[in-house]
Number of protein chains: 2
Amino acid sequence: MSAAKTKKTATNETALAEQLRAVSLRPTQQRMALADLLFGRGNSHITAEALYSDALTAGVNVSLATVYNALHTFTAKGLLREITIDSTRSYFDTNVDEHHHFYFEKSGRLEDIDHNRVKMTRLPDAPEGLSVSRIDVVIRVDG
Amino acid sequence: MSAAKTKKTATNETALAEQLRAVSLRPTQQRMALADLLFGRGNSHITAEALYSDALTAGVNVSLATVYNALHTFTAKGLLREITIDSTRSYFDTNVDEHHHFYFEKSGRLEDIDHNRVKMTRLPDAPEGLSVSRIDVVIRVDG
DNA sequence: AACAAGATTAGAATAATTCTAATGTTAGGG
DNA sequence: CCCTAACATTAGAATTATTCTAATCTTGTT
Ligand SMILES: [Mn+2]
Ligand SMILES: [Mn+2]
Ligand SMILES: [Zn+2]
Ligand SMILES: [Zn+2]
């Protein structure tokens, strides 16, 4: 590889490696490459297949099984959030802040709704002894 | 079959047949039997497998493919509502009124939240040209 | 460099759901 | 009541998303 490429990726790699180490994950080649694809651009809602396809396009040497492993590991570590809306596929969201979604029924696309654009003034109490882990609001639109 | 059974089912059948005809569906044997299992009791959230299993237990002669056909047809006709929360299975909800859900993450059970127990005082506008078909609120609890 | 822990891999396995093409049932007209 | 066309059911194969397995590689550490 060229000096230029070495330098350029070295910078990204250090930053990404930090992020992974911060959640006690080894900064392996495939994780780094996938993390770069996921967090390097503003690619918010992605399926496993789509990420796999992006990886292949980018020349990353990775298997689909590893993509699933990485997505689940990242989700478990709080770097991603899994969204289930369509029964045929899961979306992984690079936005882990509290927020909601528009779901475009026709295209299957998801769009973020900032948390403060939704205000709930009345909510039921959690059933006795249980605590709320998350509240999801999905606004389905026919597009 | 006995006279008693004939009489008893005749009553149910007429009522169920009406419901099906009302949405231009032929009141076939299996649809009637499945509708009876779905709407006869307060069985709110059910999976295809669970309904199939209920049908077998009840001695109904039906295939799993038909259960899926019926669930989707009923959903298309507005008699049921499909809920996707867990990527491994779909739930069908016999409650088609506007309402929300508690989702018990551990057991995978769903519980209704009456529509008026949630009040949203701020909501974003639908993207230009599109209309909102539904708003789903899911409160996930760790039980 | 050598080791152990952890990660990746390909491919098989699983599980939910859909499809297919043959067979059976229903509704309505004669 | 009988016919027939439209519609529904069926079994099983096919498809698709996802998970598992067991062998092979990497990584972080000594
Ligand atoms: Mn976003
Ligand atoms: Mn599936
Ligand atoms: Zn999002
Ligand atoms: Zn419900």
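Among the protein residues, A/S90 comes within range of the sugar-phosphate backbone only, with heavy atoms under 4.0 Å from sugar or phosphate atoms but none that close to a base. Using a 4.0 Å heavy-atom distance criterion, A/T47 is classed as making no nucleic acid contact.
Within 6.0 Å of the CG atom in A/D125, the count of heavy atoms belonging to other residues, nucleotides or ligands does not exceed 12. Within 6.0 Å of CD in B/E98 there are 12 or fewer heavy atoms belonging to other residues, nucleotides or ligands.
Taking atom CZ on A/R89 and atom C1' on C/dA15, their separation rounds to 19 Å, with Å as the unit. Rounded to a whole Å, the CZ atom of B/R31 is 19 Å from the P atom of C/dG24. Taking atom OH of A/Y91 as the reference point, atom P of D/dA17 lies 11 Å away to the nearest angstrom. Between B/Q29 atom CD and D/dT9 atom C1' the separation is 10 Å, expressed in whole Å. Following rounding to the nearest Å, B/H72 (NE2) and C/dC19 (C1') show an atom-to-atom distance of 13 Å. As rounded to whole Å, 15 Å separates atom P of C/dA7 from atom CG of A/L71. Across the protein-nucleic acid pair, B/N69 atom CG and C/dT23 atom P stand 19 Å apart, rounded to whole Å. Taking atom CE of residue A/M32 and atom C1' of nucleotide C/dG6, one finds them 16 Å apart after rounding to whole Å.
Of the candidate nucleotides D/dA17, D/dT10, C/dT17, C/dT17 has the atom lying nearest to any side-chain atom of B/Y68.
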- request: Run the numbers on B/H101 and B/Y91 for ring pair (Phe, Tyr, Trp, His ring centres under 6.0 Å), then give the verdict.
  value: CA-CA 12 Å; B/H101 294 97; B/Y91 294 84; 9.1 Å; no
message: Please evaluate residues B/L20 and B/R31 with respect to the criterion side-chain contact (heavy atoms from CB on, under 4.5 Å), reporting the C-alpha separation (whole Å), side-chain torsions for both, the decisive distance (0.1 Å), and the verdict.
response: CA-CA 8 Å; B/L20 294 178; B/R31 278 182 186 161; 4.0 Å; yes
- prompt: Should B/L56 and B/S53 be marked as a side-chain contact (heavy atoms from CB on, under 4.5 Å) after you check the CA-CA gap, both sets of side-chain angles, and the distance that decides it?
  reply: CA-CA 5 Å; B/L56 293 187; B/S53 155; 5.8 Å; no
- request: Begin from the C-alpha positions of B/H99 and B/V118 and carry the test side-chain contact (heavy atoms from CB on, under 4.5 Å) through to its verdict.
  value: CA-CA 9 Å; B/H99 70 286; B/V118 173; over 6 Å; no
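Judged by distance alone, with hydrogens and angles left aside, the side-chain atoms of B/S133 form a donor-acceptor pair with the main-chain N or O of A/R140 at under 3.5 Å. Judged purely by atom type and a 3.5 angstrom limit, A/N95 uses its side chain to pair as donor or acceptor with the backbone of A/D97.
Side-chain contact check for A/D86 and B/T84: no donor-acceptor pair (N or O, by modelled atom type) lies under 3.5 Å.
Atoms CZ and CG, on B/R41 and B/D36 in that order, are 5.5 Å from each other to the nearest 0.5 Å. The distance from atom CG of A/D136 to atom NE2 of A/H100, rounded to the nearest 0.5 Å, is 8.0 Å.
Residues from residues 48-66 of chain B that place a heavy atom under 4.0 Å from any atom of DNA chain D, listed by number: B/N61, B/V62, B/S63, B/A65, B/T66. The stretch residues 77-86 of chain A has no heavy atom under 4.0 Å from DNA chain C, so no residue of it qualifies as close.
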I'd like a table of atom pairs between the protein and nucleotides 27-30 of chain C - only N or O on both sides, under 3.5 Å - with the distance next to each one.
unit_1 : atom_1 : unit_2 : atom_2 : d
C/dA27 : OP1    : B/R21  : NH2    : 3.3

